[in-house]
Amino acid sequence: MSSSPKSGESGEFHPLPVLLGPVWRDANVRSGPSLDSPVIRLLLPDAAVGHEAEGWSPGDEVVEDQHRDGVITSAIWFRLAIGGWSSAVNFEPETVAVVLADAAPSPVGSQAP
């Protein structure tokens, strides 16, 4: 795993209570959305243990190259309901994509039929 910090980027918090599901790998939970933030907890992969987010924020970009489907890169961090922050790369990419797509605002002027 490697990172490239986004120096000077302000991390605006976006409330989004959502179930992220289990982590797919050992995952550090940090005190903030940065690889420089202290680790406060370790999550272990367990299909029976889903994790809930309170929301998300931009933070340090994380590159994970050990996922079965290839390299995952993300600068999104989730604030977990259990406390602390975890990079989006620790959750299944398909789940993260659906969560963030659902969080995106609808285009201006569009309405459901």
Side-chain angles (χ1 to χ4, degrees):
M1 178 170 52
S2 65
S3 71
S4 60
K6 305 267 190 207
S7 300
E9 179 178 23
S10 64
E12 182 180 336
F13 181 72
H14 303 272
L16 180 66
V18 65
L19 184 62
L20 296 169
V23 294
W24 65 269
R25 61 177 302 255
D26 293 1
N28 289 328
V29 176
R30 297 179 179 273
S31 62
S34 167
L35 293 169
D36 293 332
S37 297
V39 174
I40 59 173
R41 178 180 285 125
L42 177 67
L43 302 178
L44 299 176
D46 182 343
V49 178
H51 299 282
E52 187 176 342
E54 296 176 339
W56 65 274
S57 180
D60 286 353
E61 183 174 81
V62 179
V63 179
E64 176 55 61
D65 63 358
Q66 300 297 311
H67 193 270
R68 68 185 172 281
D69 293 335
V71 176
I72 306 169
T73 303
S74 182
I76 299 297
W77 289 69
F78 291 106
R79 186 168 73 190
L80 303 178
I82 60 171
W85 294 81
S86 184
S87 171
V89 302
N90 295 318
F91 299 93
E92 287 297 338
E94 298 83 14
T95 302
V96 172
V98 168
V99 164
L100 295 177
D102 287 348
S106 299
V108 175
S110 70
Q111 295 179 340

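All residue numbers in this chain count up from 1 along the given sequence.
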Handout entry: Gap between atom CG of Leu16 and atom OG of Ser57 - 0.5 Å precision
Key = 12.5 Å
Practice task
Just do the side-chain contact (heavy atoms from CB on, under 4.5 Å) check on Trp56 and Val18 with the steps written out, would you?
Solution key: CA-CA 10 Å; Trp56 65 274; Val18 65; over 6 Å; no
Handout entry: Heavy-atom side-chain proximity of Pro45 to Asp26 below 4.5 angstrom
Key = yes
If you look only at distance, which donor and acceptor atoms sit under 3.5 Å apart when one is on a side chain in residues 47-55 and the other is two or more places apart or in another chain?
from  : atom 1 : to    : atom 2 : distance (Å)
Glu54 : OE1    : Arg79 : NE     : 2.9

Handout entry: Nearest non-hydrogen partners of Trp24 and Val89, listed with the distance
Key = NE1-O, 2.6 Å
Exercise for the section: Looking only at non-hydrogen atoms, find the nearest pair between Ala88 and Val96 and report the distance. Expected result: O-CG2, 3.7 Å
Fill in the blank from the handout: Which of Leu19, Leu20, Ile76 passes side chain to side chain contact (heavy atoms under 4.5 Å, CB included) with Val99? It is Leu20
Practice task
For Pro93, check side chain to side chain contact (heavy atoms under 4.5 Å, CB included) against everything at least two apart and list the hits.
Solution key: His67, Ile72
Exercise for the section: With sequence neighbours excluded, tell me which residues meet side-chain hydrogen bond (donor to acceptor under 3.5 Å, both in side chains) with Ser34. Expected result: Asp60
Completion exercise
Distance col, row Arg25:CZ vs Leu44:CG, nearest 0.5 angstrom, shows 11.5 Å
Problem - Pairwise distance CG(Leu43) to CD1(Ile82) - rounded to 0.5 angstrom - result: 5.0 Å
Practice task
Specify whether Trp85 and Phe13 have parallel, tilted or perpendicular ring planes, treating 30° as the upper limit for parallel and 60° as the lower limit for perpendicular.
Solution key: perpendicular
Exercise for the section: Decide yes or no for Val29 and Leu42: does some side-chain heavy atom of the first lie under 4.5 Å from some side-chain heavy atom of the second? Expected result: no
Completion exercise
One should read off an interatomic distance between Glu92 CD and Arg68 CZ, to the nearest 0.5 angstrom, of 4.0 Å
Handout entry: Any donor-acceptor N/O pair, Arg30 side chain to Ser37 backbone, under 3.5 Å
Key = yes
Completion exercise
Of all heavy-atom pairs linking Gly84 and Ile40, the shortest is CA-CD1, 3.7 Å
Exercise for the section: Test Asn90 against Phe78 for side-chain contact (heavy atoms from CB on, under 4.5 Å), laying out the working first. Expected result: CA-CA 10 Å; Asn90 295 318; Phe78 291 106; over 6 Å; no
